Amino acid sequence: MEDLDSLRSELMTSVEGAASIDDLEAIRVAEMGKKGRITAMMKGLGNLDPETRKAAGQNLNKLKSDVADALETRKSEMADSELDARLMDERMDMTLPPRPEEEGRIHPISQTIEEVVAILGEMGFSVIEGPDIEDDWHNFTALNIPPDHPARQEHDTFYLPGNGGDERLVLRTHTSPVQIRTMESGEPPFRIIVPGRTYRCDYDATHSPMFHQVEGLVVDRETHMGHLKGCLIEFCRAFFGVDDLPARFRPSYFPFTEPSAEMDIGCTREGGGLRIGHGDDWLEILGCGMVNPKVLENCGIDSSVYQGFAFGIGIERMAMLKYGIPDLRTFYESDLRWLRHYGFSPLNVPSMVGGLNQ
Ligand code: PHE
């Protein structure tokens, strides 16, 4: 018994005195591991007579569990203080200025999307996203583009391998399917914008197989063409930073809007360059129209009560025009020199009050 008491105080002292979690582990192995002292004493119990064995066994078990508890307690104290020390050590001063030589750049596509969202967000639109992989119904049929419709050919669709018919999956050719998803799953009124990637099998200086659009959709009881025009004229003036920017709407055709229009803004090409604003020329900028009643009905919305307008903005085109980027393919070449030249400071977040980089 005396032996055990002195072993107990010896072990408790060394647990107290351990300087690290590794020290504690060494103690555990030396005492309670396979070849440990306590383990050896446990094995020795077999040689004792039954009466002595019972009492000695109980004492030994108690010692073992007390030492194990002491080791555990010390270990968690140490883990806490190691974490505290690390937190102190890794503390960062967030008020320090950034190191300018390490500043990354925001890609003009991200920047342009942020600007569009900042302007339309201020007007009361909420941002919604949808899947890049779509089914035939959302990308085409519900938008009044049935299977045999010629507009399908114009979309140069990427089809995914799999079933034909309505279950066939495609890479969405426009952001308009998110109009359908929104109208199918909610109740009007709607006032949404949808930034996102879109895909068409096309590649040259003004087309890329992956590109970006921002879709807009407003549905309410009394939404009319005047709202569409006011909204888009305001948007273009804010985006290009030209307060008196001339605009016109030319009749056009999209299966999902009726009537449909193409919006042009004023520009001049004098002296070789393109300048947006008053001038003698027009530049096509986006497609828009009043939501076709058939589309509303396809989504279960009563077209005798509700009407709406929609528009689709091509982000690459907007970025090229605003920032004078001549070739669309360069957006996706990941050339760091290009990004340093055309990219934006991450600290300069576009907003209506803070400015939009014009
Ligand atoms: N979805 C059309 C396109 O990609 C653009 C558009 C959207 C036109 C909404 C009208 C209304 O070409």
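Please read all numbers here as calculations on a predicted model, not as lab measurements. All ligand and atom numbering here is 1-based and tracks the order in the structure.
Of all atoms in ligand 1, listed by their number and element, those nearer than 4.0 Å to a heavy atom of F311 are 7 (C), 9 (C), 11 (C). The S176 neighbourhood of ligand 1 comprises atoms 1 (N), 7 (C), with distances under 4.0 Å to a heavy atom of that residue. Remark: ligand 1 atoms within the under-4.0 Å shell around heavy atoms of G287 are 8 (C), 10 (C). Remark: ligand 1 atoms within the under-4.0 Å shell around heavy atoms of Q213 are 3 (C), 4 (O).
Counting heavy atoms from C-beta outward, V194 and V127 have side chains that stay 4.5 Å or more apart. With a 4.5 Å cut-off on side-chain heavy atoms, F239 and L356 do not count as touching. By the 4.5 Å heavy-atom criterion applied to side chains, F125 and V218 are counted as neighbours. For the pair F211/R317, no side-chain contact is recorded, criterion being any heavy-atom separation below 4.5 Å from C-beta on.
A tilted orientation is assigned to the rings of W338 and H107, their planes being inclined by 30° to 60°. Ring-plane geometry between H174 and F140 is classed as tilted, the angle between the planes lying from 30 to 60 degrees on a 0 to 90 degree scale.
Tested against Q179, the residues E215, H138, E184 include a single side chain to side chain donor-acceptor pair (under 3.5 Å) partner, E215.
No part of S260 comes within 4.0 Å of ligand 1, judged by heavy-atom distances. The proximity of R200 to ligand 1, defined as any non-hydrogen pair under 4.0 Å, is limited to the side chain.
Checking E262, H174, E215, R172 against atom 9 (C) of ligand 1, the nearest heavy atom belongs to E215. For atom 11 (C) of ligand 1, the nearest non-hydrogen atom from the set A310, A261, G216 belongs to A310.
The protein heavy atom nearest to atom 5 (C) of ligand 1 is G312 CA, 4.1 Å. Atom 2 (C) of ligand 1 has its closest protein heavy atom at F256 CZ, 3.6 Å.
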